[in-house]
Number of protein chains: 2
Amino acid sequence: MKKFSNKTIARAFLYIRILDDRIQNKQKYISSQELSDISGLTDVQIRKDISLFGKVGKPRVGYDTKELRGFLEAFVLKSTVRAVLFGVGNLGQAILKYPGFQTEKIKIVAAFDKDSRKVGKKINGVAIYAMKDVSRVIHRSRAQIAIIATPSEASQEIAGIITKSGLKGIINFAPSSLVVPKGVSVRNIDLSIEFLSLFYDIHSSRKRRKS
Amino acid sequence: MKKFSNKTIARAFLYIRILDDRIQNKQKYISSQELSDISGLTDVQIRKDISLFGKVGKPRVGYDTKELRGFLEAFVLKSTVRAVLFGVGNLGQAILKYPGFQTEKIKIVAAFDKDSRKVGKKINGVAIYAMKDVSRVIHRSRAQIAIIATPSEASQEIAGIITKSGLKGIINFAPSSLVVPKGVSVRNIDLSIEFLSLFYDIHSSRKRRKS
DNA sequence: AACCAATCGTTACAATCTTCACGATTAAAT
DNA sequence: ATTTAATCGTGAAGATTGTAACGATTGGTT
């Protein structure tokens, strides 16, 4: 399979979202310039990204919104992503209700929590299970990635459970670094670091750039 | 002021957090190798990052944990960050209770919500105000950055209110791109994109790297 | 005192990512 | 039919980021 960089892929998803919005508004074509205005990226970068996947734009016109949407999707969005969630506190519940997942091909198929009062309930249609059922539920639901939204103290232990169950991808919201076996991908989403680096950005540089 | 790259700064915050943990455990020294094992970054990168700030390591011993902590902090963490939050739904409440903020120098000083039933309440010690009071509360609280945790539809309008109030930094959790004046920094935290790109990562490349 | 091993700091190198410059293409106007 | 203007696609240059190699320093060992 041809390999595209992480950054290109992340931008491709952004383009797809913008395209979905324009398709809904019955817009037939969109130029790299317009995509640039919306996304904050440069028009050249957008053309370059898209051209990595293939030639699909029409000179003088731009890109056919539906065609480009389908084109990008074929490369990056082959199937629905099924995820399981660990930790149904505020953050976990926020994730279960996250609006971006409704339209995207992301489905949270099960949740787990230590609190026995939560077990057996459903939130936004997703059932909450006890920790002892993790392995069984993961296999039965054919989950592909896991989300850790527990307190930091529990995150490493849960990462172990997750990898033992065979999952190869983890999104970690706990402010901790996880040790995982080779072959497992981790994305750390660290709110503190986002805050602090934004703050640093504001204070250090007066001539601003887009993030 | 000397300028460091965003990536270096983000890693510096990560080092600080690791150091805090080790300082709590009374560990006196730490090597770049140990930092590497914990963080997943290479030891060379760590030494290089740290050396950008200055010479502070001791050959054959490593870095004095407290000294390095203080050293990094002096460069990147000059003062407490005061933030206001827009939208007190699940995500907003998760942010208000986010454990990473307790120890870090991040303080959420006020929250806003359209829902009049929420206005006047407090969550985790943070008062919730009505939207009409935004400007007044921002100025009185001397907030520096804003967090958008509202539905997407509202995010652009709120970004306008925020920038009119003079804030220069926005963290946007809504799956939308914001148009802001020059001089305002935006960090988009887009959960869909994180999920999808992790999923792509798992499927495309079999020879894995750390993220 | 001399040696050894661990560790930092740094220069040079490599890889990745972005921007630039410009030719190619095509719809519309005349 | 010709011209024009908008837009794409892309090879080359430039910028940024990460890696490797290795000398310099120092605590411990003999």
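The chains referred to below are lettered A, B, ... by the order of the sequence lines, with proteins before strands, and numbering in each begins at 1. Just so you know, these numbers use all the heavy atoms, side chains as well, and skip hydrogens, waters and symmetry mates.
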Donor-acceptor contact below 3.5 Å, side chain Lys78(B) vs main chain Phe75(B): yes
Salt-bridge present (Arg22(A), Glu34(A); N to O < 4.0 Å): yes
Partner residues of Gln144(A) under the side chain to side chain contact (heavy atoms under 4.5 Å, CB included) criterion, sequence neighbours left out: Val81(A), Arg82(A), Phe199(B)
Atom of Ala12(A), atom of Val76(A) and distance for their closest heavy-atom approach: CB-CG1, 4.3 Å
Neighbours of DNA chain D within residues 7-16 of chain B, by heavy-atom distance under 4.0 Å: Lys7(B), Arg11(B)
Ring pair (Phe, Tyr, Trp, His ring centres under 6.0 Å) partners for Tyr63(A), two or more places apart: none
Positional range of nucleotides in DNA chain C within the contact set of chain B, heavy-atom, under 4.0 Å: dA5(C) to dA12(C)
Exercise: identify the closest heavy-atom pair between Ser39(B) and Ile46(B): OG-CD1, 3.8 Å
Polar atom pairs between nucleotides 2-5 of chain D and protein, under 3.5 Å, N or O only, would you list them?
unit_1 : atom_1 : unit_2   : atom_2 : d
dA5(D) : N3     : Arg60(A) : NH1    : 3.2

Test ring pair (Phe, Tyr, Trp, His ring centres under 6.0 Å) applied to Phe13(A) - qualifying residues, sequence neighbours left out: none
Ser5(B) versus Thr8(B), side-chain donor and acceptor atoms under 3.5 Å: yes
Member of Ile18(B), Asp20(B), Leu19(B), Asp21(B) meeting the side chain to side chain contact (heavy atoms under 4.5 Å, CB included) criterion with Thr65(B): Leu19(B)
For Phe173(B), all residues meeting ring pair (Phe, Tyr, Trp, His ring centres under 6.0 Å), sequence neighbours excluded: none
Note: Asp64(A)-Arg69(A) ion pair, threshold 4.0 Å (strictly below): no
Nearest-Å distance for atom pair CD1/C1', residues Ile46(B) and dT19(D): 13 Å
Euclidean distance, atom CG of residue Asp43(A) to atom P of dT7(D) [Å, nearest integer]: 10 Å
Tyr15(B): partners by side-chain hydrogen bond (donor to acceptor under 3.5 Å, both in side chains), with sequence neighbours left out: Asp49(B)
Donor-acceptor pair, side chain of Asp113(B) and main chain of Val88(B), under 3.5 angstrom: yes
Sub-4.0 Å heavy-atom contacts from residues 28-35 of chain B onto DNA chain D, ordered by number: none
Any residue meeting side chain to side chain contact (heavy atoms under 4.5 Å, CB included) with Val134(A), in chain and number order, not counting sequence neighbours: Phe86(A), Phe112(A), Met131(A), Ile138(A), Ile161(A), Ser165(A)
Between N or O atoms, less than 3.5 Å apart, protein on one side and nucleotides 9-11 of chain D on the other: list the pairs.
unit_1  : atom_1 : unit_2   : atom_2 : d
dG9(D)  : OP1    : Val56(A) : N      : 3.1
dG9(D)  : OP1    : Gly57(A) : N      : 2.9
dG9(D)  : OP2    : Tyr63(A) : OH     : 2.9
dG9(D)  : N7     : Arg47(A) : NE     : 2.9
dG9(D)  : O6     : Arg47(A) : NH2    : 3.0
dG11(D) : O6     : Lys48(A) : NZ     : 3.1

Which residue lies more 5' along DNA chain C, comparing Val61(A) with Pro59(B) via nearest heavy atoms: Pro59(B)
Would you mind writing out the side-chain donor-acceptor pairs for residues 51-59 of chain B within the sub-3.5 Å range, not counting sequence neighbours?
unit_1   : atom_1 : unit_2   : atom_2 : d
Ser51(B) : OG     : Arg47(B) : O      : 3.4
Ser51(B) : OG     : Lys48(B) : O      : 3.0

